[in-house]
Every structure is written in C-alpha cells, then in structure tokens.
Number of protein chains: 2
Amino acid sequence: MAKTRTYHHFCPVARSLEVIGEKWSLLIVRDLLMGPQRFTDLARYLGKITPKWLTLRLRDLEAAGIVERESQPGRREVWYRLTARGQELRPVVEALAVWGLDHAIRPPLPGEPVHPERALQTMTIFRNRRNVRLQRPARWSVRFAGDGVYTLVYDGARWSYHAGEEAADLVVETTPEDWVNFLLAPAAERAARARSLVISGDETRLADFHRSFDARDASSSDALGSA
Amino acid sequence: MAKTRTYHHFCPVARSLEVIGEKWSLLIVRDLLMGPQRFTDLARYLGKITPKWLTLRLRDLEAAGIVERESQPGRREVWYRLTARGQELRPVVEALAVWGLDHAIRPPLPGEPVHPERALQTMTIFRNRRNVRLQRPARWSVRFAGDGVYTLVYDGARWSYHAGEEAADLVVETTPEDWVNFLLAPAAERAARARSLVISGDETRLADFHRSFDARDASSSDALGSA
DNA sequence: CTGAATCCGACACGATACTG
DNA sequence: CAGTATCGTGTCGGATTCAG
C-alpha cells in the first residue's frame, strides 16, 4: 500500500483514511456500490483515471479486503465487486454525497461528462435529504437521448430510481447535461432551462412535476451553486 | 487549492473529495470538531505533520469556507474554528470512524502516541455503535498519569465522555496506551491487560465495568484486530 | 477490444532548518 | 506561537506499448 499516507495516529478516522484515502479509492467504491463492474466500466465512470492507477487502486482495495476480483475461467472478462467490508463504506460515500450536495455541487463544466445514473442518483439523494414531497405517488420516466431510460419513483414518502422504463405517468426527454442543468438551476432560470426538456403527461402530473421544484426552493437554505 | 486532485465528474462525492480529500484535511476537521484550536494544538494532535503542510491545509480549508481563522489584536495566538459548513462534515468523520472501528483499528504501534481524548472518543463511539449497555447508569473516572482526567458517562442508554472529574462511582488509573490496549484486547488477554490498570469502586460497580466488556464480545462479529 | 506494464515529467508531500 | 524557506522523495498524470 502507500508509503507516505500513514498517519501514525491511534484513531479510527485516521486508520480509515490510510486505507481508502488515496486518490480515486472512494470513487471506485462509489461506482461499485451500483453493482459489480468490469475494468473498463470503471474506467469509463471514472473518466480521466489512467489504467495504471486504476489497476493499482484495485489491487490496493483487494489487499484491504474491500474489493473482490472475479474472473470466470474461459471468459476474458474480469468483474470487480465489493466485499461485505466494502459495502459497509456506503455510509461514508453517502455522507460525502450529502455534504457535497449541500456545499460543493455545481453545474457540469464544459467537457465534464454527466453519467445518467449519477444524475438520477444525485437527484434522489437530494430529494430525500430535502424532504421533497408530492401529493401523490409518481413514476416519472426520463429518456436520455441514446443514453438509456430511467424511472424515477416517488412512493409517497421516499424517492428512488431504477434503470429501464415502465408504466410512467410522466415522460421527460432530454440529455444528461440538460437534465442536471435544469435540476440545479436557480428558480429564476428554471423556466428557461425547462425549454430544453420535452415533458409529456396529463395536466395534474405536469403540475406535480413543476411544483416539486418549488418545494425544493422553500426547503433549501444553502446556495446550491456556492463554491 | 489542489491542481491534480480534480476529478471532472458531475458527482457530489467527487466534489466533496476535491475539497477535503487531500492528505490531513479531514483529520484537521476531526480535531476541530472537538472545539477551536490553536496552530500548535493542531500540530500536536496531528503528530507528524510539518508546519508547512498544516499552514497550507488550513489556508485551503479557509478558502473552502470550512475553517475560520481568528486572531485577536494584541495577542499572538491564532485560533482556528469550524464554520457551519465545517461542522456539517461531522457525519463524514463519524462514518469514517465507524468503518475504521469495524475494519481497520489496531492497537497502537510502538511510538504511536495515544491522545487521551481520542481514546475516550473512540471508546464512546464504539460502545454506542455496538449498543453496549449496563444495568444502571454509571460515571467512570479515567485518570491518565500526568495527562488529564476524564469522565465516561452512561446515562442508561448512551455513552458519552467529557474532560474533568466529577462524582464518579468507579475510578481507573492508567496511561493512554495501557487503556486502549486493554480496550482492544481479545477476551482471552483481557484479564492480563487489566493488571496494568488500577480500578477502584465498590463490588457492584466493578462487576458492571468488567461485564460491559463481555457484552462487547457477544455483539462483536468483526475481528477488531483484523487488517 | 480488455487488462494491463513501462517510461517520464509535474507536483504533492516529507524532513530539517530558520524567522518575526 | 505561528509560521517560512529549502531541498529531497513519493504519488500521480500522460503517453506509449503489449499480450490475450
């Protein structure tokens, strides 16, 4: 493992950071929390990581008992999955997501790719945390042009999402970039941003959709775009 | 701020790590969560950090709105304190503490200093997480030779601690090192480790004390000393 | 096309000494 | 007490290459 990243503290926080504090480590865990992935899946999610470092980090995580490597005999693919110990990092990743959402998120920079899963994931964490509610359960379908279809579900209490489309009461067609720019837009610009979306559904459902963003404003005391 | 530690992801986790993912940053936050500290206090807690890096990290955290610097005119001291934004990192630090306690803690290495506050803090987090209970409330005083006195409190439901001594029903005299080695000892070695402690109290309270460690064993499914 | 290994340069970090 | 300054080392990014 690392040579310099040792703190020599008797402290569980310091010990954790010695294990998963290197660059990329927690982001690999973040992506594996969505399920087992192949080397190239991870490389795609992580964007600018070099294969060398992805390899090294995966070996470190394996040595730490956080990741398991699974290569089926006969198949060339290698799948990486979290062990139980790795799964238990979920609260860490979620706490970082919450803090980032409150204090560090910003619209994607030019050239910053937006992964559909991440956009939906960010939205559900945000809405659950801010207690965004609708008057009735809802199933919204989000179609990303050539980039997959997802269903956002509000069960009357909590938000969740999953891949694929199913009987939805509202359909949005957009791109990942337009979608998150719409999500993060301040109230004053939201109507303008909404024009980049194609939204279809009956009047009641459309009203629910738009009202859910007003609810966000009411409960949001932090500036979402702040540095 | 950092140049290389940018991920270019649209993701709150990645954004958080860009802000507080550098070496030392979260440990500075950890120590400031105990209250405002001076430069040298932080340097002492952090151990092997160099003044150059402590300075740089504090400037970074200040620029990110996590830490405030307060220097009184006329006085040479500089106090550092967490802003509201910094306080909100507490769940992140606690999640790391929980994971570290379950999967990465180990007895202090030779030459690894044990800060009394950290020993007590670790113990209370551990006991609250593992739901260690006593049959009645308790106040245990822990006297570290020449290193301060602390009171560990069980109110019937939760564990907490604070600095200073007050009407205790049990008193332990020890050193920080002996104390944590006792805490982390496997059941088989605990009696041996207990000999390095001087424990005084009436029979009922002594029984409570020792029984609370058996309870730990029963609920502990993870090997505490595992890598 | 996947899953790497290798070389090299940039910069993040460590060790030590010194200053207002 | 609260930092600077200097210099050496380790971590990481970028490009290229390679075997299955």
Side-chain angles (χ1 to χ4, degrees), chain A residues 1-9 14 17-28 31-32 36-64 67-81 111-112, chain B residues 1-9 14 17-28 31-32 36-64 67-81 111-112:
Chain A
M1 192 83 77
K3 278 182 198 163
T4 69
R5 187 154 306 227
T6 56
Y7 292 108
H8 298 290
H9 293 187
L17 290 172
E18 286 177 1
V19 178
I20 43 77
E22 313 280 325
K23 189 166 181 183
W24 299 112
S25 298
L26 269 177
L27 296 185
I28 294 172
D31 292 336
L32 288 175
Q37 311 279 348
R38 292 174 304 176
F39 186 89
T40 41
D41 297 330
L42 291 170
R44 189 175 57 255
Y45 286 129
L46 294 167
K48 296 181 72 69
I49 194 172
T50 64
K52 165 187 167 179
W53 285 108
L54 181 51
T55 302
L56 193 57
R57 282 299 103 94
L58 285 169
R59 295 289 171 278
D60 288 346
L61 291 170
E62 217 183 328
V67 159
E68 275 173 351
R69 191 187 142 95
E70 185 183 3
S71 54
Q72 328 235 39
R75 297 191 62 81
R76 301 195 308 106
E77 304 167 344
V78 180
W79 289 84
Y80 295 92
R81 71 172 66 236
E112 208 173 83
Chain B
M1 192 81 76
K3 279 182 197 161
T4 67
R5 192 166 292 235
T6 57
Y7 293 109
H8 299 290
H9 293 186
L17 290 172
E18 287 177 1
V19 178
I20 42 76
E22 313 280 324
K23 188 165 182 185
W24 299 112
S25 297
L26 269 177
L27 296 185
I28 294 172
D31 291 337
L32 288 175
Q37 311 278 346
R38 293 174 302 178
F39 188 90
T40 39
D41 297 330
L42 291 171
R44 190 175 56 255
Y45 285 129
L46 294 167
K48 296 181 72 69
I49 195 172
T50 65
K52 166 185 167 179
W53 285 108
L54 181 51
T55 303
L56 192 58
R57 282 297 105 93
L58 285 168
R59 295 290 173 275
D60 288 346
L61 291 170
E62 218 183 327
V67 158
E68 276 174 350
R69 190 188 140 96
E70 186 184 0
S71 56
Q72 329 234 42
R75 298 192 58 82
R76 286 173 42 84
E77 303 169 345
V78 180
W79 288 84
Y80 292 93
R81 72 172 67 234
E112 207 172 82

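Note that these values count all heavy atoms, side chains included, but never hydrogens, waters or copies made by symmetry. In the text below, chain A, chain B and the rest are named by the order of the sequence lines, each starting its count at 1. Being a predicted model, the structure only gives us computed values, none of them experimental.
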Starting at the 5' end of nucleotides 13-20 of chain C, put B wherever the base has a protein heavy atom under 4.0 Å, S where only the sugar-phosphate does, and a dash everywhere else.
BBB----B

Nearest 0.5 Å, what's the CZ-CD distance between B:R44 and B:Q37?
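Result: 8.0 Å between the selected atoms.
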
Could you tabulate the donor-acceptor pairs under 3.5 Å formed by side-chain atoms of residues 46-55 of chain B, not counting sequence neighbours?
residue : atom : partner : partner atom : Å
B:T50   : OG1  : B:W53   : N            : 3.4
B:T55   : OG1  : B:P51   : O            : 2.8

Between atom [atom1] in [X] and atom [atom2] in [N], what is the gap in whole Å?
{"X": "B:R38", "N": "D:dG3", "atom1": "CZ", "atom2": "P", "answer": "12 Å"}
{"X": "B:L58", "N": "D:dA2", "atom1": "CG", "atom2": "P", "answer": "11 Å"}
{"X": "A:L54", "N": "D:dG14", "atom1": "CG", "atom2": "P", "answer": "14 Å"}
{"X": "B:H8", "N": "D:dC12", "atom1": "NE2", "atom2": "P", "answer": "16 Å"}
{"X": "B:E18", "N": "C:dA12", "atom1": "CD", "atom2": "P", "answer": "13 Å"}
{"X": "A:L56", "N": "C:dA5", "atom1": "CG", "atom2": "C1'", "answer": "12 Å"}
{"X": "B:Q72", "N": "D:dC1", "atom1": "CD", "atom2": "P", "answer": "16 Å"}
{"X": "B:E70", "N": "D:dA2", "atom1": "CD", "atom2": "P", "answer": "12 Å"}

Quick one: list whatever passes side chain to side chain contact (heavy atoms under 4.5 Å, CB included) with A:E62, sequence neighbours left out.
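Expected list: A:R59, A:R69.
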
Side chains of A:L61 and A:I20: closer than 4.5 Å at any heavy-atom pair?
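Yes, close enough: below the 4.5 Å cut-off.
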
Does some side-chain heavy atom of A:Y45 sit less than 4.5 Å from a side-chain heavy atom of B:H9?
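When only atoms from C-beta onward are counted, A:Y45 and B:H9 do not touch, as no gap falls below 4.5 Å.
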
Do the ring planes of B:F39 and B:Y80 sit parallel (below 30°), tilted (30 to 60°) or perpendicular (above 60°)?
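Ring orientation of B:F39 relative to B:Y80: tilted.
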
Degree of bending, the helix from C:dC1-D:dG20 to C:dG20-D:dC1 (end axes from five pairs; round to 10°)
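Here the helix ends are tilted 30° relative to one another.
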
Residue list, salt bridge (Lys or Arg N to Asp or Glu O under 4.0 Å) with A:R81, at least two apart or on another chain
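Listed in chain order: A:E70.
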
Suppose we screen for salt bridge (Lys or Arg N to Asp or Glu O under 4.0 Å). Which residues come up paired with B:E77, at least two apart in sequence or across chains?
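By the salt bridge (Lys or Arg N to Asp or Glu O under 4.0 Å) rule, B:E77 matches B:R38, B:R75.
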
Any side-chain to backbone donor/acceptor pair from B:R5 onto B:G21? Under 3.5 Å, distance only.
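Yes, because the side chain of B:R5 sits within donor-acceptor range (under 3.5 Å) of the backbone of B:G21.
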
